[in-house]
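To start, the structure under review is shown below, and the notes come after it.
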Amino acid sequence: MNLRSPGPRDTRGLRRALLHLVLALVAALYLSPLVYMVSTSFKTREGSGSTEPQWIPDPFSTGAYREILTSADSPILTWFANSLIAATGHAALVLVTAAPAAYALARLRFRGRGAIFTTVVATLFVPPVVLLIPNFLIVNELAWVDSLPAVIVPAAAGAFGVFFLRQFFLTLPGELEEAAELDGCNRWQIFTAVVLPLARPALVTLFLLSFLTNWNDFLWPIYVLLSPDSLTLPAGLGNFQGANSIRYDLLMAGAVIASLPVIALYLVAQRWVIEGISRSGLKG
Amino acid sequence: MTGPAPREEGAPPAGGDGRPVTVLERPGRPSGAAGPAAGGATRRMRWWTPYAFLAPYLALFAVFMVLPIGFGFWTSLHEWDVNLPAKPFVGLENYTELFDPSSVDGGRFWLAMRATGIFTLFSVPLLIVLPLLVALLMNGRFRGRNLYRAVYFAPYVLGVAVVGFLWRFLLDGNIGLVNHYLGLDVQWTTDVPPAWVALVGVTVWWTLGLNAVIFLAGLQDIPRELHEAAMVDGASAWRRFRAVTLPGLRPVTVFVVNATILASANMFGQSYLITAGAPADQTKTAIYLIAETGLRQFDMGTASAMSFILAACLMAASALVFGAFRDRSAR
Amino acid sequence: MSDSFSRRSFLGLTGAAGLTAALAACGGGTKIGAGSSAPASAAPSFSGGEYTGPKVTLDYWNGFTGGDGPHMRAMVEAFNKEFSGRIEVRNITRRWEDLYPAMPTAIAAGKGPDVAIIHNDWIGTFAARRTLIPLDDVVGALELTEADFIPAVWSAGVFDGKRYSVPLDVHGLGDYWNREHLEKIGLSEAPADKASYADALAELKKAGIATPFWMPNKWPAHLMFMSLLWQHGGELYSEDGAKALWGSEQGVRALSWMVEQIDEGFSPPKVAIDTQYAAFKNGRVSLTWDGIWQINDLKANAPSLQWGLSPVPNIGGTPAVWSASHNFVLTSQAGKDPNKVQAAKAFIDSVSRRSTEWAKAGMIPARNSVREDPAVADLPQVGLAKDVGVFRFLPALPGVGDVQSKALELAVAKAVLKQASPAEALKEGVATADKLLADNKRKYGR
C-alpha cells in the first residue's frame with residue numbers, strides 16, 4: 001500500500017504509471033457529469049431533450065440563459081442576490097458570535113466555564129432533525145417566515161464554529177497575549193489586536209465552510225421561504241420544472257448559475273476548504 | 001453551523017452537524033480546564049468580561065438550540081397545526097400512534113424509517129471503503145496529487161439541489177446518459193431496487209471526496225517511523241496495512257463512520273429531487289416524511305414525535321459505533 | 001396540562017421570550033398562525049364595474065406553469081393596462097404542488113397572494129383554514145347563477161353557507177391519440193368503449209407498436225382510476241365525508257382494468273413519472289390519457305406529431321371522466337385592506353368576463369352560456385364538453401387533498417406497481433382513508 005516502497009526501478013515506474021492511469025480515468029469520469037451539465041445549459045430546448053447524448057451543443061445556444069435571466073415567474077437574479085446576502089450574512093454572524101465565545105472558553109477562567117462548554121459540545125450530538133419543526137415555529141413567532149433572517153440566523157446557533165475556533169485558539173502560544181497584557185491591553189484589545197490576527201487561517205476556513213454550507217442549504221429554505229421573491233437559488237431551481245415536463249436546458253442553466261460562485265470559491269480557496277474540512281475532523 | 005434544519009446531504013456537511021468531533025480530543029484533557037495559557041491570562045479582568053464574550057453566541061444558542069429541543073418535545077405532545085387556532089394537548093398519543101404500525105401515521109413512518117435504514121445500510125460501507133481506497137492511492141508524493149484530490153472533492157462543494165437535478169437528468173429512463181452508455185433500459189428513478197442503486201451511487205459520487213480527504217489527513221498523521229520500522233522487520237505491504245495503517249486510522253475511522261451514519265440517516269435532498277419518494281413512497285426517507293408531515297401538511301405534533309423517535313434511533317446507532325470500536329481496542 | 005398552558009407561556013417559562021421579542025425587531029418577515037384569522041371583510045360590498053379607491057398592488061398566485069401560462073399572463077397584462085394607475089396585479093406562477101403547501105402559511109404571514117386560483121377540491125380545505133374570505137357579492141355582481149354552471153362546480157365553492165369561489169373554467173382528462181398509429185389499424189379516432197379499446201390496442205401491437213398504451217402509477221394514474229370508478233358506477237366519498245367508498249367492487253374493477261393493460265403487454269411495467277406523456281410526444285405511445293391543458297404543450301413542443309383528442313373511452317358502462325375547475329378566491333391577506341378587497345373583486349370580475357379568451361389556453365369555460373359562444377365552440381377541448389353530465393368532480397371536503405395523497409393515490413400506485421392486488425391495495429387504502437377522514441372531521445370541525 002505504501003507507494004514509496006523500495007523495489008526494482010522498472011516495477012516502480014510501471015506501478016506509478018498504472019496509478020496515474022487509474023486516477024486520471026476516475027477523475028475524468030468524476031467530472032463528466034459536471035461537463036454534461038454545462039454542455040446541456042448551452043443547448044436548445046429540443047437539444048436538451050434528445051435521446052442521443054450530445055457533449056458539444058449543436059446548435060450552440062445561449063437561449064436557456066437568456067430565458068431564465070428574463071423569466072417573470074423565476075427571478076433568478078433576485079435569488080442570486082438572496083443567496084449571496086444569506087450566505088455572507090450567515091458566515092459573518094458565525095464568526096462574530098463564535099470567535100469571542102470560543103476565545104472565552106479557550107483562554108478565560110470564569111465560573112461555569114466547564115458547564116457551558118459541556119452543554120455546547122453536547123449539542124453536537126443532538127441529531128439536527130429534532131430542531132426542524134420547533135425552529136420553524138420559533139422563526140414564525142419571530143415573524144421571520146419568508147424572509148432572509150430565517151436562513152441567516154438560526155443555523156448560527158450550531159456548536160461547530162465555537163468548537164472549531166476554540167481548538168484553534170488552544171494551539172496558539174500564550175506568550176504574545178501575556179506580553180500584550182503587560183502592555184496594559186484589556187481583554188477585548190488582546191482578543192482583537194493579538195488573537196484574531198493570529199487566528200486568521202482558522203477564521204477564513206470557518207467563513208468559507210459556513211458560506212458554502214449556507215449557499216447550498218436546501219431542506220430549510222424550501223420550507224421556510226415561501227414567495228418567489230424571497231427564495232434562495234437552490235430553493236428556486238425547482239421552479240424551472242413545468243407542469244409535467246421538465247425543461248432540462250433551463251434547469252441545467254440554473255444549476256450552472258447556482259454552482260458558479262461555489263466553484264469559483266473552491267478554485268481560489270481549494271486548499272483552505274479541503275484542509276479546513278479534513279482538519280476539522282482530526283484536530284477539532 | 002448546526003442548523004435548524006437537519007442536513008440533507010449524504011455525508012457530513014462542511015464541518016457540520018452532529019459531528020462527534022470530541023472523540024478526537026486528546027485524551028486526558030478535561031474539556032473545561034484546557035488551555036495552555038489559561039493560568040496567566042486572568043489577572044486584569046472584570047468578572048463579567050468572559051460572559052460578555054460569550055453572550056452573543058449564547059443568545060443564539062439559547063433561542064435556536066436549547067429552546068427548540070424543549071419546544072419540539074412540547075409540540076409533540078399536542079395536535080399542533082400552525083394554521084389552526086386550537087392546539088389540543090394529547091399527551092403521548094402522537095407517540096403511541098407512531099408505534100402502532102396499523103395506524104396511518106405509524107405505517108407511513110416505519111416505511112420511511114425502513115427507507116432511511118436501507119439507504120444507510122448500503123451507503124455507509126461504500127462511503128467508508130471507497131474513500132479509504134482513494135486516500136491510500138493518493139497517500140504518496142507524486143505529481144498531480146493535489147489536482148486529483150481537488151477533482152475528487154469537487155462534487156462535494158455543489159449543493160444537493162444542483163446534484164439532485166443533474167442526476168435526475170442523467171438517470172432519466174428515456175433521455176438519460178446512464179441508460180444510454182450502460183445500454184440498459186432501467187427506471188432508475190421509479191423502480192426499486194434500481195432507485196436505491198441510483199440514490200446510493202449519486203451520494204457516493206457526491207461525498208466520496210469528503211471522507212477521502214479526512215482519511216488522507218489521518219494517513220498523513222501516522223508517524224513515518226512506524227512504517228519504516230515495520231519495513232525493516234520485513235513486513236509485507238498487507239501486514240503493514242493491517243498492523244500500522246489501520247490501527248493508526250482508528251480515531252479517524254470512528255469519526256468518519258459516525259459522521260457518515262448520521263449524514264446518511266439524514267438523507268433528504270437526493271430522494272426529494274431524484275425519486276420524489278417513488279415507487280409508492282418506498283424511497284421516502286424519514287426526514288422527508290417529517291418535513292412533509294410537519295411543514296406541508298402542518299401536522300406538527302406528529303412530525304415532532306417522529307423526529308424524536310428518529311433522533312433516539314440515531315443516538316443509539318452512535319452509541320453502538322462507539323461501543324464497537326471501543327471493544328476492539330480493548331481486546 | 002391544559003390548553004391554557006399555551007405555547008406563549010412556554011416561551012415565557014424558558015426565559016427566552018424577551019430574547020425572541022428583541023430578535024423579532026430585526027426580522028422584516030411575518031408571523032402566521034394564532035390570531036391571524038381573517039377579519040370579516042370590512043370592505044363595502046361589491047356591486048361590479050369600477051374601482052374607486054387609491055392605487056393598490058395585488059399579488060395574484062396561480063399554478064399555470066404549462067401552456068396555459070402565457071394566456072393568463074396576457075389577460076393580466078390587459079387588465080393592468082385597463083386599470084393602469086389604479087390597480088396593478090402581480091402575476092406569480094408556481095407549480096401547483098409548491099403553491100398549495102406554501103399558500104396558507106404565506107397568506108397568514110401576509111406574504112402570500114391577495115387573490116389566487118385554486119382547484120375546486122381545495123376550496124373546503126382553505127376555507128376551513130380561514131385563509132379565504134367570502135365572495136357572495138362578486139357572484140351577485142357578475143350575475144352568476146347556479147343554473148349557468150355544472151352543479152358540482154358551483155356547489156364546490158360553498159362552505160358553511162358562504163360562497164368562497166368564482167369558477168373560471170372546467171378541465172378534465174382526454175384521450176390523446178397518435179394519428180399515424182391509429183391510421184395503421186384503420187381508425188380515424190380513439191375507440192370509445194371497452195371492447196374496441198382492447199381490440200385497437202391488440203391491433204396496434206400487431207402493427208409494430210410494442211407498447212401502445214403506457215399505464216402510469218403516479219400522476220395521472222389516480223385521475224384515470226377515479227374516472228373508471230365513476231364509469232363503473234362507484235363513488236369516491238360518502239355525502240357526509242365520513243367514509244371512503246372507492247374500495248368498492250366497482251373500484252376493484254376499475255383498478256383491475258388499469259393493471260390488465262400491463263398484463264396484456266400494452267404497457268411496460270413500472271412506468272416512470274411523466275414518461276407516458278414524453279413517450280407519446282416521441283411517437284412511441286399510441287394512446288394516452290392526460291389533461292386537456294396539454295393541447296398547448298403538444299402544439300408548441302411536438303409540432304411534427306400528428307395527434308387527436310377524444311373523450312376518455314367508456315370502459316365501465318356509464319360515461320364519466322374526472323374533471324376539475326379553476327376558481328378565483330380572495331384571501332384573508334387581502335381582507336386586511338378594504339381597498340385590496342375591492343380591487344381584487346374588480347379583478348376577478350374583469351377576468352371572469354373574458355373566459356372566452358381563457359378558453360384558448362386549452363380550458364373549457366365554466367359557464368354553460370359561454371360554451372355556446374361561437375368563438376369557443378369549435379375549440380377541440382370544448383367538443384369534449386358536449387355532455388357536461390359526464391364531468392365528475394372530487395368533493396371539496398376539508399383536508400381531502402391529504403386523504404387523496406396518503407390513501408387513494410398510494411393505493412393506485414401500489415396496484416399498478418404490482419406490489420398488491422387491486423382488491424388488497426384498495427382495502428388497505430380505504431382503511432387509511434377512513435381514519436384520515438375521521439381525523440379531518442375532528443381537526444377542521446373545531
Side-chain angles (χ1 to χ4, degrees), chain B residues 58-60 62-64 66-68 70-71 74-75 77-91 97 102-105 107-108 111 168 171-176 185-192 194-195 275-282 292-293 295-300 302, chain C residues 1-3 5-7 10-11 14-16 19-20 22-23 32-37 100-102 104-105 107-108 128-131 217-218 268-273 275 278-279 282 284 399 401-402 405-407 409-411 413-414 416-417 419 428 431-433 435-436 439 442-444 446:
Chain B
L58 287 187
L60 288 178
V63 176
F64 297 108
V66 180
L67 175 64
F71 191 25
W74 180 242
T75 308
L77 304 178
H78 293 73
E79 197 175 304
W80 195 299
D81 182 326
V82 72
N83 291 307
L84 291 177
K87 298 175 173 59
F89 180 83
V90 296
E97 183 157 338
S102 67
S103 75
V104 177
D105 289 320
R108 286 162 62 77
L111 183 66
R168 187 160 104 196
L171 291 165
D172 186 291
N174 288 323
I175 58 172
D185 187 19
V186 173
Q187 297 300 340
W188 298 103
T189 58
T190 42
D191 193 10
V192 281
T275 64
D281 285 354
Q282 283 190 60
E292 184 184 271
T293 305
L295 303 178
R296 287 279 192 249
Q297 290 153 357
F298 303 112
D299 186 354
M300 292 161 155
T302 304
Chain C
M1 296 284 161
S2 72
D3 284 0
F5 189 61
S6 71
R7 142 179 73 153
F10 180 81
L11 287 171
T14 62
L19 261 173
T20 39
L23 287 166
I32 58 170
S36 66
S37 63
Y100 284 131
T105 322
I107 288 170
R129 283 179 180 276
R130 297 167 212 207
T131 47
N217 56 73
K218 282 252 180 184
K270 297 174 181 171
V271 168
I273 307 167
T275 51
N282 296 340
R284 289 165 65 196
D402 279 357
S405 67
K406 286 184 184 175
E409 291 172 27
L410 205 60
K414 277 189 180 164
V416 176
L417 290 164
Q419 291 174 0
E428 189 191 305
T432 304
K435 285 181 202 158
L436 291 168
D439 281 354
R442 211 159 34 83
K443 188 171 162 188
Y444 294 104
R446 269 192 207 103

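Quick note: numbers below take in every heavy atom, side chains included, and nothing from hydrogens, waters or symmetry partners. Order of the sequence lines fixes the chain letters, A, B, ..., with proteins taken first and strands second; residue numbering starts at 1 for each chain. All values derive from a computational prediction rather than experimental measurement.
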Quiz prompt | Closest non-hydrogen atom pair, Ala276(B) against Lys218(C) | solution = O-NZ, 3.7 Å
Exercise. Heavy-atom distances under 4.5 Å only: say whether Asp105(B) touches chain C with side chain, backbone, both or neither.
Key: side chain
Exercise. Measure the OG1-CD1 distance between Thr275(C) and Ile175(B) for me, rounded to the nearest 0.5 Å.
Key: 11.0 Å
Quiz item: Is it the side chain or the backbone of Glu409(C) that comes within 4.5 Å of chain B heavy atoms, both, or neither?
Solution: neither
Exercise. Can you tell which part of Leu417(C) gets under 4.5 Å to a heavy atom of chain B, answering side chain, backbone, both or neither?
Key: side chain
Quiz item: Between Ala433(C) and chain B, which part of the residue has a heavy atom less than 4.5 Å away: side chain, backbone, both or neither?
Solution: neither
Self-check item: Heavy-atom pairs under 4.5 Å with chain B, option from Asn282(C), Thr432(C), Val416(C) with the top count
Solution: Thr432(C)
Self-check item: Over all atoms of both residues, closest heavy-atom pair of Thr190(B) and Ile273(C)
Solution: CG2-N, 3.6 Å
Exercise. Specify which of Pro268(C), Pro101(C), Ala278(C) makes the most heavy-atom pairs with chain B at under 4.5 Å.
Key: Pro101(C)
Practice problem: Could you check which of Asp81(B), Thr275(B), Val66(B) has the highest count of heavy-atom pairs closer than 4.5 Å to chain C? | Solution: Asp81(B)
Quiz item: Relative to chain B, which of Lys435(C), Arg129(C), Lys414(C), Arg284(C) shows the most heavy atom pairs under 4.5 Å?
Solution: Arg129(C)
Quiz item: Just how far is it from atom OG of Ser405(C) to atom CZ of Arg296(B), taken to the nearest 0.5 Å?
Solution: 12.0 Å
Quiz item: Minimum heavy-atom separation for Phe298(B) to Pro104(C), with atom names?
Solution: CE1-CG, 3.9 Å
Quiz item: So what's closer than 4.5 Å to chain C heavy atoms on Gln187(B): side chain, backbone, both or neither?
Solution: side chain
Quiz item: What closest approach, in Å, do Leu84(B) and Ala128(C) show between heavy atoms, and which atom pair accounts for it?
Solution: CD2-O, 4.2 Å
Exercise. Below 4.5 Å from any heavy atom of chain B, which atoms of Asn217(C) appear? Answer side chain, backbone, both or neither.
Key: neither
